[in-house]
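Report on the structure given below.
Numbered from 1 within each chain, the chains take letters A, B, ... in sequence-line order. Fair warning: this is a prediction, and the values are worked out from it, not measured in the lab.
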Protein chains: 2
Amino acid sequence: MNSGDEAGSGPAISGKRTTIYDIAQTVGTSASAVSAVLNGTWRKRRISQKLADRISAVAVEKGYSINLQASVLRRERSNIIGMIVPKYDNRYFGAIAEQFEEGARKAGYFPVITCTQRDPNLELEAARMLLSYQVECLIVTGATDPDRISDLCHAAGVKVVNLDLPGSKAHSVISDNHQGALELTRVLLSVRSAQTGRDECLYFVGGRTNDHNTSERVRGFLQAHSERGMTVPAANVLACGYAAQKAYDSLSALGHVPKGIFVNSTISLEGAVRWLTDLPAQDRQDILYCCFDWDPFAALMPNCVGMAQQDVPALLERVFAWVATGKTSTTVELVPCRLRLQQP
Amino acid sequence: MNSGDEAGSGPAISGKRTTIYDIAQTVGTSASAVSAVLNGTWRKRRISQKLADRISAVAVEKGYSINLQASVLRRERSNIIGMIVPKYDNRYFGAIAEQFEEGARKAGYFPVITCTQRDPNLELEAARMLLSYQVECLIVTGATDPDRISDLCHAAGVKVVNLDLPGSKAHSVISDNHQGALELTRVLLSVRSAQTGRDECLYFVGGRTNDHNTSERVRGFLQAHSERGMTVPAANVLACGYAAQKAYDSLSALGHVPKGIFVNSTISLEGAVRWLTDLPAQDRQDILYCCFDWDPFAALMPNCVGMAQQDVPALLERVFAWVATGKTSTTVELVPCRLRLQQP
DNA sequence: CTCTGTTGCTGCATCGATTGAGCAAGCATG
DNA sequence: CATGCTTGCTCAATCGATGCAGCAACAGAG
């Protein structure tokens, strides 16, 4: 049962990790030589091939792994890049997290992501933690209060970039929510009017109006209507928050069945689709919706006209490009969304 | 534009972080006192309230944040717990990542998650990295080769737990794939036979047969058939890998339209559903499927009979309970799945 | 006035890796 | 044989936080 081998010069005895000093001792050399060999600077430091080989062999044999806490402490750079995301469990943030890691590794960083559940206190706490781990740069995604985090980072002399939601105290890379919403609304309006033969105002469901992204999307939504000479009644905009249940409740509370719905996020869409499937079949037939954000299953639902997919690769490409420049100005970069329409 | 204030005793000048020595100097005390005050051990170390207050005030004023690299180096414990996940961008792993972080924080750990794209080399590399950051414990989720990672961890004296996929060299917490697949298949078989009046073998799509989870699910799938006296032809099991496109291709390649499909994961389901929506409407009508793993949108698709949802909270609860015991034996814990059936 | 005990602090070694400075040995050149 | 150069290594300080050992000052007991 117990596989720990106590004897011999094998791998570290439980609890004690091998250090460069251990290796130096068994090889009969100095810790500096071991360090130089193991971090690749040995040629420059004129260590002989022979010694290098002996050291490498012993390191492998002992299962050595560097203590990066010690290494980072000594060097000026930590090579750690941090990210704060509100949630992992939807496709948008899942993709952001995944591609952030990929990009970070490609740029030579070690990525550390922390999920903050849209809780402002947890956001601050997480940012502080990441700073304590000496991140060189922090990417703040969808934070409720990005500016306070920017302040923290500035105090520590750490680069910050806002992603997805803009802030006023750091560079921001965000989707062009207005453009995406405008185009998406145009599509839904024209499909519906082709179907019914007349123009009818759509409903907007989900999000919060004081949130930048939602207000930009509402602006696009309204503009698409006014392009057709329509004025949307205020009651058609149900900015009820992001939770799925809220969307379900506010659609149910309407008292009638809206025929065209702009859903503000896949999270709200979960509620909207649930509401839809709970309707009697004949009501369900001619309801159409579109949704800001993309999900592969939601995109294939029969009532879905199209989705606006935020261009995650482009967003992250912009973020890493910004990080590489080392600039510190406070600007906002807009990245266009991709429209993904249902094949008829 | 430039908000950096160079003068005064304010927050750190860009590039230089405040340390306990800086604070000690401005307060006119020793670094030990500052350390004791800032890490909460000052009462025990008999620092006066007055000095403690002065130190705290200066620390806040200077925007001090502890250097955890230095702290961890000195102490015996790092408080870091690591996790390796193959992907973030589906609901199952998204939920695992999110709840892992929550559980880790509750247990007093700092969670670090790394995503390895189902790439065995990246898995090893990531494990090595996490060990270098002195993780106290590593949770290995869905790794292609968990045992090699276990070896690495044992060599470093670090606890390991396998999650989702079992390994032979560490404790494993996994879903009861056989039970879940058995029950799910029973449901689909009975719904289909109620519909058509006769028993018909289902198709199994997705996964790899040499993968533990897939083979257990196939076993459940076959057993549900044999309970009804049916023998499934080998050709009905399309273990074509996990990628969505593979599922699409192997369903298209069949040459006929199977009427009942057991889909092995939501990733494969993306392909299956795409295949479904590409079919002519009359073919699509009476196809039913079920799927192992849960997705809120997929669950609401009209042809979906039910999904097996892995009990993520229970899985992680078991993982953390195991970590807390500190035991090292090699056992497998099975956690039952929840069946989520389509409301008729 | 000495002895013991308490309060409130400081000094210093330590964790493991890194790196500039430096040293001994070997060799070639004048 | 003195000088300079190269090769191949070692020494020791350093990064920032921690915590043990210890010390000065003072109070109270005898």
Atom CD1 of B:I20 and atom P of C:dG11: how far apart are they, to the nearest Å?
13 Å
Does anything in residues 315-327 of chain A pair up under salt bridge (charged side-chain N to carboxylate O under 4.0 Å, His left out), and if so which pairs, sequence neighbours excluded?
A:R318-A:E333
For B:N39 and D:dC20, what is the distance between atoms CG and P respectively, to the nearest whole Å?
12 Å
Using atom types as modelled, flag every donor-acceptor pair under 3.5 Å from a side chain in residues 51-58 of chain B to any protein atom, sequence neighbours excluded.
{"from": "B:D53", "atom 1": "OD1", "to": "B:Q49", "atom 2": "NE2", "distance (Å)": "3.3"}
{"from": "B:R54", "atom 1": "NH2", "to": "B:V27", "atom 2": "O", "distance (Å)": "3.4"}
{"from": "B:S56", "atom 1": "OG", "to": "B:A52", "atom 2": "O", "distance (Å)": "2.8"}

Nearest-Å distance for atom pair CZ/C1', residues A:R77 and C:dT19
18 Å
State, with a plain yes or no, whether a side-chain heavy atom of B:V112 is found less than 4.5 Å away from one of B:I81.
no
Quick check, are the ring centers of B:Y88 and A:Y88 under 6.0 angstrom apart?
yes
Please state how far atom CD in B:Q25 lies from atom P in D:dG16, giving the value in whole angstrom units.
13 Å
Examine distances only and state if a side-chain atom of A:S329 and a backbone atom of A:T331 form a donor-acceptor pair shorter than 3.5 Å.
no
Does B:I66 reach a base, just sugar-phosphate, or nothing at all? Heavy atoms under 4.0 Å.
sugar-phosphate
Spacing of B:E76 atom CD relative to D:dA17 atom P, expressed in whole Å
17 Å
What integer distance in Å separates A:L68:CG from C:dA17:C1'?
10 Å
Does A:L38 reach a base, just sugar-phosphate, or nothing at all? Heavy atoms under 4.0 Å.
nothing
Interatomic distance where NZ belongs to B:K50 and C1' belongs to C:dG8 [whole Å]:
11 Å
Salt bridge or not for A:D151 and A:K169, using N-O below 4.0 Å?
yes
Without decimals, in angstroms, what is the distance between B:L131 CG and C:dG16 P?
16 Å
Quick one, give me the B/S/- string for nucleotides 8-15 of chain D, reading 5' to 3', where B means a protein heavy atom under 4.0 Å from the base and S means that only happens at the primed atoms, P, OP1 or OP2.
BBSBBBBB
